[in-house]
Asks: 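What follows is a single structure, and I will ask about it in a moment.
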Amino acid sequence: MKYNPNEIEANWQQYWSENQTFAATNNSEKPKYYVLDMFPYPSGAGLHVGHPLGYIASDIVARYKRHKGFNVLHPQGYDSFGLPAEQYAIQTGQHPDKTTKENISRYREQLDKIGFSFDWSREVRTSNADYYKHTQWIFIQLFESWYNNNSNKAESICTLIQEFEKNGNTNVNAVCDDNIVSFSSSDWNAFSSDEQQKILLHYRLTYLAETEVNWCPGLGTVLANDEIVNGVSERGGHPVIRKKMTQWSMRISAYAERLLQGLNDIDWTESLKESQRNWIGKSVGAMVSFNVKNHDEVIDVFTTRPDTIFGVTFMTLAPEHDLVAKITTAEQKEAIESYVHATAKRSERERMADVKTISGVFTGAYAEHPFTKEQIPVWIGDYVLAGYGTGAVMAVPCGDERDYAFANFFKGTNGMPEIKNIFDQDISEEAFGAKEGFKLVDSDFLNGLGYKEGTKKAIEALEKINQGKGKTNYRLRDAVFSRQRYWGEPFPVYYVNGLPQMIDKKHLPIALPEVEKYLPTEDGQPPLGNATIWAWDSVQCSVVSNQLIDNKTIFPLELNTMPGWAGSSWYWMRYMDAHNEEDFASKEALDYWQNVDLYIGGSEHATGHLLYARFWNKFLKDRGFAPTEEPFKKLINQGMILGMSAFVYRLPSVSISDKSKSRNVFLSKNHSDVLMKFKNIVDLQVQGKNVEVDNELGSQFLLLKEELTKKDVTFDLVTNAIHVDLLCINDITNELDIEKFKNHPLYVDYKDAEFILEDGKYIVGREVEKMSKSKYNVVNPDEICNEYGADTLRLYEMFLGPLEQAKPWNTAGITGVFGFLKKLWRLYFDDNGSIVTNDEPTAEMYKSLHKTIKKVTEDIENFSFNTSVSQFMICVNELATLKCHHRAILEPLAIVMSPYAPHIAEELWLRLKDSKIEGLKDYKGISEQPFPIFDPKYLIESEKEYPVSFNGKMRFTMKLPLDLSPKQIEEIVMADERTIAQLAGNTPKKVIIIPGKIINLVG
RNA sequence: GCGGGUAUGGUGAAAUUGGUAGACACGCCAGACUUAGGAUCUGGUGCCGCAAGGUGUGAAGGUUCGAGUCCUUUUACCCGCACCA
């Protein structure tokens, strides 16, 4: 009987699906275990072999935990709102919902082929109305909440209103907008309802405000900070500019400290935590106020070095700073305005690219030092960022590299004083930036102090004169939550007098309306501006035609949609109770499943999804809707699987004056000889020497020769490397199938190309690159499944290397794993059927099995999946050598293998039980079997093959009983003739004997 | 610039945590069988050397009887952040 993966895999996939083998229950005596994959965006390209890597790992853990007696939740779903479907809709008019559904069914087909133990009954799709109605509900909760710094958590907005009614806002300690005007309770009660609403927006956890946003004209939408990479949009690479717009924002900054501290309690990789710490960007320092001379204005600055306050030499404002226009003197006005104008014109990207150029202008104004009352010139410069701190700095050139450079650049110009040095250090060459190793001088009451003491004293003194206070600053900005897109969650919001109103929970979902066109409207409204039925009837409580808007009972609805991260910021909780219509999940389900025990996904979500998800989770926890402070206890980033791109090398075609076309010539990989020859000939020709050449370089050369005779031609000695579709090559020998290449639709231009071979073959070059359609290096898991089976794919992906590491895919290596499965199969069957016996296995067989149980158990607990596969191979090799066909070994072996290769394991299990798959009423699947327990008694050895070293170098080994004392061992070793030969008459100075480990003789 | 990570044969990688470096595979070499298949099986394979032997985990130093593993210095590459005050 032959191993036929296609047949058994299809059977078992069907059986598991029909029997709901992997459905989790929400009430169980068993302990729970929640294994989650980051759910995919269903793109049109389908899966390549890189996508399932993490899913396979999590599936192994899920199956293993089931064997170990856990009630395992292992769900899967789709992050199905997103840009590609929308862009496809813009181009084709195809509704994104249709595209998305088609993509999902293809994804599902591909996933099913790999045999995952997902509980598909809990599938979620973020673009389904029964899902996003809860996303809308969470949004409303955020709107109805504020962050109380006193209780250090989010509270209902009602508690804030009560406080306003009783005491006004003077005692409120909230995370809110800057520059809040204070009011008393009587003020509050006297405000109109609209005024009250406007004030509350400054406090709500999601709020509508005019803010500087990242506007991406290329995409026609705003973007969050994490959606911008190197100054351009992450998607499409379009430029991004700063623009003031009224947008929804999320007050994530309220959670900055908790998001930071929470990292200490979760088991994530250090690099991921560092990314988040970096992104949150906590810095501790002080706010200092500088009065502007002759103005009733104050410049507030944030500094991490209040101890250097006496070193302030000048001040710099960001060009966008509000005060710039107010304080600039008449003489400086023109220069300042032209500088501000020039800065505004530069894109974010230009400003970032150009960090070395120092530029700035003196405003003509002076600030006053809080202690010395000396006057300090105020400059503007684009090295100061409007978005960080207060957009202004106190420049201390002696202690800051940038201030130092700025001061020196403008040294001697009007408005730039001599650098003040307040360190007992030399700063003639460069600034002294360290926080230790100095004493402050020329610093009045701070003299003699270092950083720590100086900072403390400085803050105390500033507080005393009411010119500053200690302050912690975070880089983390509030997240813009509006997108000018169609394919996203609509806001459950309508507007009365321009003020946002929430739609009641019972009317959710507010479904995405149909539109004619998916582009923004002609007057620049978001795509939902195209919807004709998009108004809210506050009496009937339904969405009605826009024409009915009277702003009395029928009002316009919000035209923006939510960003991509909205739906993914809570989805792991939906899986706990995926069909609950009332709530996003029941309290019981949430209490049972708690949070995710193991989360596997890509590291690209470090500062996006993973930060927002933690934020929403903490918020929901505060409001009593989520059970734990952190959503993901342990997180592993699977490494990227890279593609092995193939290349052909085309000679640069020589442009021939229109009479005949140049032909394409391709050189094989090791073509340097040919190329040199070519080059030599060209050089000689150019020098005017007529060289007779043979024809081996092809017609390209003949054309070139012809051209050369006419005039001077300089010839660049490089070939163009062109990506070749992997279908055109032999993956093992790297030989190009020239016929396939010529007939491939992609390469019609090269139909008549010539190929210069080496050893009769055309060899393509190979290079490791990211797997991508455009590089033609994509390997499709379906094809691997069809050819070798899903078990082989699963084992091979794990065998490739450590899960977290990036590694290239090489299909050639897969035969090793396939051969291994065939070998495993042959332990159970020969050509005629089962060869399993009930004989008692030998000690060696038990040893091999139990070594494997031990190793695989440890490996799964440590997420070291590649070494398990090696161990399976070792075990099967050993058992084959031992001719082991013993049930007592082969039954447990099937279970140990089943997390990795579930189909073959289940098939072997079934056949060991001598059943047939049809009518398996009493069949108890392998997934219900307990995992074999490692018993150390089978591994006990009585002897050890000792390595015998001389001066640390291993010379020979020696088999000795393990119960010998070191002294006995020494006697035996010293008497051994090989020892005597090695020592050559010398007596060793020292003999080191570690029983069970090593023998080392030092001479 | 700051932070994190990686470095071992022709290739992917192991190494019980300080104890025989290169397990397990791919590839390659030799052989067996064969209905000549990209099947199956056996043996070999870090490098130099006919061999004895030497040498070897990015580089240099150190600790140790013993270092891929620990310490110091350093180089290259990858990832994240970056005029963050």
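Below, chains carry the letters A, B, ... as their sequence lines are ordered, and counting in each starts from 1. Not measured: the values here are computed from a predicted model.
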Asks: What interatomic distance, in whole Å, is found between C1' of B:A13 and the corresponding atom of B:G18?
Replies: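 Straight-line distance between the two C1' atoms is 22 Å.
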
Asks: Taking the same atom, C1', in B:C28 and in B:C50, what whole-Å distance lies between them?
Replies: 22 Å

Asks: Checking A:His369 now: which residues fulfil ring-ring contact (aromatic ring centres under 6.0 Å, His included) with it, not counting sequence neighbours?
Replies: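 Result, ring-ring contact (aromatic ring centres under 6.0 Å, His included) vs A:His369: A:Phe310.
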
Asks: Tabulated below should be each protein N or O lying under 3.5 Å from an N or O of nucleotides 23-29 of chain B; please produce it.
Replies:
from	atom 1	to	atom 2	distance (Å)
B:A23	N1	A:Ser870	OG	3.3
B:A25	OP1	A:Asn877	ND2	2.5

Asks: As a test of the definition: with a 90° window around 0 for syn, would you call B:G37 syn or anti?
Replies: syn

Asks: Anything under 3.5 Å between a protein N or O and an N or O of nucleotides 1-3 of chain B, put it in a table, one pair a line.
Replies:
from	atom 1	to	atom 2	distance (Å)
B:G3	O2'	A:Glu274	OE1	2.9

Asks: Does A:Asn4 have any side-chain contact (heavy atoms from CB on, under 4.5 Å) partners at least two apart in sequence or in another chain, and if so, which?
Replies: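 Scan of A:Asn4 (side-chain contact (heavy atoms from CB on, under 4.5 Å), adjacent residues dropped) gives A:Asn6, A:Glu7.
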
Asks: Mind checking the C1' distance from B:U74 to B:G80? Whole angstroms is fine.
Replies: 24 Å

Asks: Using a 4.0 Å heavy-atom cut-off, does A:Arg955 contact any base of the nucleic acid, only the sugar-phosphate backbone, or nothing at all?
Replies: sugar-phosphate

Asks: Output every pair passing salt bridge (charged side-chain N to carboxylate O under 4.0 Å, His left out) with a member in residues 279-288 of chain A, not counting sequence neighbours, ordered by first then second residue.
Replies: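 Only A:Glu257-A:Lys282 qualify under salt bridge (charged side-chain N to carboxylate O under 4.0 Å, His left out).
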
Asks: Would you tell me whether A:Tyr383 and A:Thr316 have side-chain atoms, one donor and one acceptor, within less than 3.5 Å of each other?
Replies: yes

Asks: I'd like the C1' distance from B:U8 over to B:A15, given in whole Å.
Replies: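 Result for the C1' pair: 10 Å, nearest Å.
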
Asks: I'd like to know if the side chain of A:Thr313 reaches the main chain of A:Gly311, judged simply by a donor and an acceptor atom lying under 3.5 Å from each other, with no hydrogens or angles considered.
Replies: yes

Asks: With heavy atoms under 4.0 Å as the rule, sort A:Ile994 into base, sugar-phosphate or nothing.
Replies: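 A:Ile994: base contact, heavy atoms under 4.0 Å.
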
Asks: Can you confirm whether the side chains of A:Ser283 and A:Asn473 place a donor and an acceptor under 3.5 Å from each other?
Replies: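 Distance-only check fails for A:Ser283 and A:Asn473.
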
Asks: Of A:Leu800 and A:Met954, whose nearest nucleotide on RNA chain B comes first from the 5' end?
Replies: A:Leu800

Asks: As a test of reading the structure: which of B:A85, B:A13, B:G4 is closest to the side chain of A:Val393, going by heavy atoms?
Replies: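 From the listed options, B:A85 comes nearest.
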
Asks: With sequence neighbours left out, what residues match A:Arg277 under side-chain contact (heavy atoms from CB on, under 4.5 Å)?
Replies: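 side-chain contact (heavy atoms from CB on, under 4.5 Å) check on A:Arg277 returns A:Leu260, A:Leu263, A:Asn264, A:Glu270, A:Lys273, A:Glu274.
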
Asks: Which nucleotide, B:C83, B:C65, B:U20, lies nearest any side-chain atom of A:Asn1000?
Replies: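 From the listed options, B:C65 comes nearest.
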
Asks: Considering only atom C1', compute the distance from B:A85 to B:U69 and round it to an integer number of Å.
Replies: 42 Å

Asks: For the P atoms, the ones on B:C24 and on B:G43, what distance do you get once it is rounded to whole angstrom?
Replies: 12 Å

Asks: To the nearest angstrom, how far is A:Trp825 atom CH2 from B:U40 atom C1'?
Replies: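 After rounding, the reported distance stands at 18 Å.
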
Asks: Counting only N and O atoms by type, is there a donor-acceptor contact under 3.5 Å from the side chain of A:Asp382 to the main-chain atoms of A:Thr343?
Replies: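 No; zero donor-acceptor contacts below 3.5 Å.
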
Asks: Taking atom P of B:A85 as reference, at what distance in whole Å does atom CG of A:Asn473 sit?
Replies: 8 Å

Asks: Look at all strands and tell whether A:Glu787 reaches a base, only sugar-phosphate, or nothing, counting heavy atoms closer than 4.0 Å.
Replies: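 Counting heavy atoms under 4.0 Å across all strands, the contact made by A:Glu787 includes a base.
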
Asks: Hey, which sits more toward the 5' end of RNA chain B by its nearest nucleotide, A:Ser271 or A:Asp400?
Replies: A:Ser271

Asks: Starting the side chain at C-beta, find the nucleotide from B:C83, B:A39, B:G4 nearest to A:Lys822.
Replies: B:A39

Asks: Under 3.5 Å for both distances, Watson-Crick or G-U wobble, that's the pair rule; now give the dot-bracket for RNA chain B, with | marking pairs to another strand and [ ] for crossing ones.
Replies: (((((((..(((......[....)))((((((.......))))))(((....)))..(((((..]....))))))))))))....

Asks: From the set B:C84, B:G80, B:G4, return the single nucleotide nearest to any side-chain atom of A:Ser275.
Replies: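 Minimum distance to the A:Ser275 side chain belongs to B:G80.
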
Asks: Roughly, in whole Å, what's the span from CH2 in A:Trp279 to P in B:C79?
Replies: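 Interatomic distance, CH2 of A:Trp279 to P of B:C79: 17 Å.
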
Asks: Hey, is B:G9 sitting syn or anti, using the within-90° cutoff around 0?
Replies: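 You should classify B:G9 as syn.
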
Asks: Looking at A:Phe820, is its backbone amide N or carbonyl O close enough to the side chain of A:Lys822 to form a donor-acceptor pair, meaning the two atoms are under 3.5 Å apart?
Replies: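 Checking the backbone N and O of A:Phe820 against the side chain of A:Lys822, no donor-acceptor pair under 3.5 Å is found.
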
Asks: I'd like the P distance from B:U17 over to B:A52, given in whole Å.
Replies: 34 Å

Asks: So if I take every side-chain heavy atom of A:Glu945 and compare against B:A13, B:G4, B:U20, which nucleotide ends up nearest?
Replies: B:U20

Asks: Below 4.0 angstrom from OP1 or OP2 of B:G12, is there any side-chain N or O of A:Gln805?
Replies: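 So the side-chain polar atoms of A:Gln805 never come under 4.0 Å of the phosphate oxygens OP1 or OP2 of B:G12.
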
Asks: For the pair A:Arg794 (side chain) and A:Tyr900 (backbone), establish whether a donor and an acceptor sit closer than 3.5 Å, ignoring hydrogens and angles.
Replies: yes

Asks: Between B:G5 atom P and A:Met640 atom CE, what is the distance in whole Å?
Replies: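 For the pair A:Met640 CE and B:G5 P, the rounded distance is 19 Å.
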
Asks: Which way is the base of B:U17 turned, syn or anti, if we draw the line at 90° from 0?
Replies: syn

Asks: For A:Arg305 and A:Thr455, indicate whether the former's side chain and the latter's backbone hold a donor-acceptor pair under 3.5 Å.
Replies: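 Not at all, since once roles are kept as given, no pair shorter than 3.5 Å links the two residues.
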
Asks: Measuring only the C1' atom in each nucleotide, how far is B:G44 from B:U34? A whole number of Å is fine.
Replies: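 Approximately 23 Å lies between the C1' atom of B:G44 and that of B:U34.
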
Asks: Taking only the side-chain nitrogens and oxygens of A:Arg277, find out if one of them lies under 4.0 Å from OP1 or OP2 of B:C81.
Replies: no

Asks: Regarding A:Lys847 and A:Glu878, does a basic nitrogen lie under 4.0 Å from an acidic carboxylate oxygen?
Replies: no

Asks: Could you pull out all residues at least two apart from A:Arg766 that satisfy side-chain contact (heavy atoms from CB on, under 4.5 Å)?
Replies: A:Met644, A:Ala646, A:Leu726, A:Ile729, A:Asp731, A:Asn734, A:Val764

Asks: Rounded to whole Å, please give me the gap between CD in A:Glu604 and P in B:C79.
Replies: 13 Å

Asks: Calculate the interatomic distance between A:Lys807 atom NZ and B:G5 atom P; express it in whole Å.
Replies: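 From A:Lys807 NZ to B:G5 P: 18 Å.
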
Asks: Report the nucleotide, chosen from B:C65, B:A13, B:C84, that has the shortest atom-to-atom distance to any side-chain atom of A:Lys990.
Replies: B:C65

Asks: Tell me the interatomic distance from A:Lys997, atom NZ, to B:U17, atom C1', rounded to whole angstroms.
Replies: 9 Å

Asks: Evaluate the criterion side chain to side chain contact (heavy atoms under 4.5 Å, CB included) for residue pair A:Lys851 and A:Gln871; output intermediate values, then yes/no.
Replies: CA-CA 9 Å; A:Lys851 244 174 24 190; A:Gln871 182 57 42; 4.3 Å; yes

Asks: Using the salt bridge (charged side-chain N to carboxylate O under 4.0 Å, His left out) rule, collect all pairs that involve residues 385-407 of chain A, keeping only residues at least two apart or in two chains.
Replies: A:Asp400-A:Arg402

Asks: For A:Tyr451, enumerate each residue passing the ring-ring contact (aromatic ring centres under 6.0 Å, His included) test, keeping only those at least two apart in sequence or located in another chain.
Replies: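 A:Tyr451 satisfies ring-ring contact (aromatic ring centres under 6.0 Å, His included) with no residue once adjacent residues are dropped.
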
Asks: Can you pull every protein N or O that's under 3.5 Å from an N or O on nucleotides 69-72 of chain B?
Replies:
none

Asks: Could you please name the option among B:C81, B:A85, B:U20 that lies closest to any side-chain atom of A:Thr303?
Replies: B:A85

Asks: Heavy atoms only, 4.0 Å cut-off, all strands: where does A:Arg826 land among base, sugar-phosphate and nothing?
Replies: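 Sugar-phosphate: the residue A:Arg826, judged by heavy atoms under 4.0 Å, touches backbone atoms but no base.
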
Asks: Going by the side-chain hydrogen bond (donor to acceptor under 3.5 Å, both in side chains) test, which pairs reach into residues 990-1003 of chain A, not counting sequence neighbours?
Replies: none

